[in-house]
Amino acid sequence: MIFHTSVKAALSAVAVGSALLLPAAGSASATSVNTSGDASASASGGSATAVSFDAKCRSHNRKYVLKKYYRRVPVGPPTFYTLRCGTKTWGWKHIKLGHGWNSTMDRKITAAIGTGDPNGRGGYSTYLNQCPRVEKFRTILGTPAGTNDLLTAYNVDRPIVAGAVAC
């Protein structure tokens, strides 16, 4: 009985000691880390990805690959499309300046490339689930750096046409 009591006491001491070493979620020493290993930018008001992409593009050229988006194909390995730093007319810098960059934009690009339908403009789009079909988000591929690079991505703001054909 004495042995079991000392084991319980030792385990309790270890648990309390390890809990004291971990910072609380709201404490000043607790920082969140994104997948690229950069500290979160919540204090600066921007998304962590935007800040880390901005830093990477400042220290690399316009052809630097920031992210790869994957699209599954029926046969063979998935096809990937790259997001490069780019310029004010294509790539991440263009999307950030012209359309805004945040985690929602990143998720929409992932969805459009991953599961969207070809849009006839050299990219993929997502559509509202209604009839007639209405495009809601568009990506366009092909840049001076490569054909499988993301040129731009944006929300499609188009009113429904009055004379649209019913399904």
Side-chain angles (χ1 to χ4, degrees), residues 23 25-26 29-161 164-167:
S29 61
T31 58
S32 61
V33 176
N34 65 20
T35 57
S36 64
D38 299 327
S40 175
S42 58
S44 65
S47 73
T49 306
V51 171
S52 65
F53 282 3
D54 197 36
K56 287 177 184 177
C57 288
R58 273 196 306 270
S59 60
H60 292 89
N61 68 19
R62 64 190 179 145
K63 293 182 179 181
Y64 181 78
V65 175
L66 292 170
K67 184 169 183 172
K68 291 183 179 181
Y69 295 96
Y70 292 90
R71 181 173 182 85
R72 287 220 167 270
V73 292
V75 178
T79 303
F80 69 90
Y81 300 92
T82 55
L83 175 62
R84 296 182 187 267
C85 287
T87 67
K88 64 181 180 180
T89 59
W90 62 271
W92 181 76
K93 288 180 181 178
H94 165 75
I95 295 170
K96 180 185 171 199
L97 293 172
H99 309 291
W101 181 266
N102 56 30
S103 60
T104 302
M105 178 63 86
D106 189 29
R107 280 194 308 273
K108 287 179 179 182
I109 294 169
T110 300
I113 290 176
T115 60
D117 294 332
N119 59 24
R121 305 236 7 230
Y124 299 97
S125 295
T126 54
Y127 296 83
L128 295 174
N129 190 18
Q130 69 182 37
C131 187
R133 204 168 159 191
V134 177
E135 185 179 24
K136 65 179 181 176
F137 188 80
R138 179 183 297 161
T139 62
I140 299 177
L141 303 169
T143 70
T147 56
N148 279 2
D149 292 342
L150 189 61
L151 177 80
T152 190
Y154 53 92
N155 291 314
V156 177
D157 297 322
R158 251 194 294 190
I160 298 174
V161 179
V165 177
C167 297

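Excluded from the calculations below are hydrogen atoms, water molecules and symmetry mates; all remaining heavy atoms, backbone and side chain alike, are included.
Side-chain atoms of Asn61 come within 3.5 Å of backbone N or O of Tyr64 as a donor-acceptor pair. Between the side chain of His99 and the main chain of Tyr154, no donor-acceptor pair closer than 3.5 Å is present. Counting only distance, with no hydrogens or angles, the side chain of Arg71 and the backbone of Gly116 share a donor-acceptor pair below 3.5 Å.
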Would Cys57 and Trp92 count as a side chain to side chain contact (heavy atoms under 4.5 Å, CB included) here? Give the steps. CA-CA 9 Å; Cys57 288; Trp92 181 76; 3.9 Å; yes

Begin from the C-alpha positions of Tyr81 and Tyr124 and carry the test side chain to side chain contact (heavy atoms under 4.5 Å, CB included) through to its verdict. CA-CA 11 Å; Tyr81 300 92; Tyr124 299 97; 3.2 Å; yes

What do the steps show when you test Thr82 against Asn148 for side chain to side chain contact (heavy atoms under 4.5 Å, CB included), and what is the final call? CA-CA 6 Å; Thr82 55; Asn148 279 2; 5.6 Å; no

Side chain to side chain contact (heavy atoms under 4.5 Å, CB included), that's the test. Do Val156 and Lys136 meet it? Break it down for me. CA-CA 5 Å; Val156 177; Lys136 65 179 181 176; 5.8 Å; no

List the steps, then state whether side-chain hydrogen bond (donor to acceptor under 3.5 Å, both in side chains) holds for Thr110 with Arg107. CA-CA 5 Å; Thr110 300; Arg107 280 194 308 273; over 6 Å; no

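Using a 4.5 Å cut-off on side-chain heavy atoms (C-beta onward), Leu141 and Thr147 make no contact.
Taking all atoms of both residues into account, the shortest heavy-atom contact from Asn119 to Thr139 is ND2-O, 2.9 Å. Between Pro78 and Arg72, the shortest heavy-atom contact is CG-NH1, 3.9 Å. Annotation for Ala145 and Lys63: closest pair CB-CG, 4.0 Å, computed over non-hydrogen atoms. Scanning all heavy atoms of the two residues, the minimum distance from Thr126 to Ala112 falls at CG2-CA, 3.7 Å.
Lys67 and Asp106 are joined by a salt bridge, as a carboxylate oxygen and a charged side-chain nitrogen come within less than 4.0 angstrom of each other.
Applying salt bridge (charged side-chain N to carboxylate O under 4.0 Å, His left out) to Asp149 and the options Arg84, Lys68, Arg62 leaves one that passes, Arg84.
Cys85 contributes atom SG, which lies 9.0 Å from atom NZ of Lys56 (distance to the nearest 0.5 angstrom). In this structure, NE2 on His94 lies 8.5 Å from OG1 on Thr87, to the nearest 0.5 angstrom. One finds the OH atom of Tyr127 at 7.5 Å from the CZ atom of Arg138 (value rounded to the nearest 0.5 Å). Trp101 contributes atom CH2, which lies 5.0 Å from atom CG of Leu83 (distance to the nearest 0.5 angstrom). Note: Asn102 CG to Ile95 CD1 = 11.5 Å, rounded to the nearest 0.5 Å.
Aromatic ring pairs are classed by plane angle as parallel below 30°, tilted from 30° to 60° and perpendicular above 60°; the pair Tyr70 and Phe80 is tilted.
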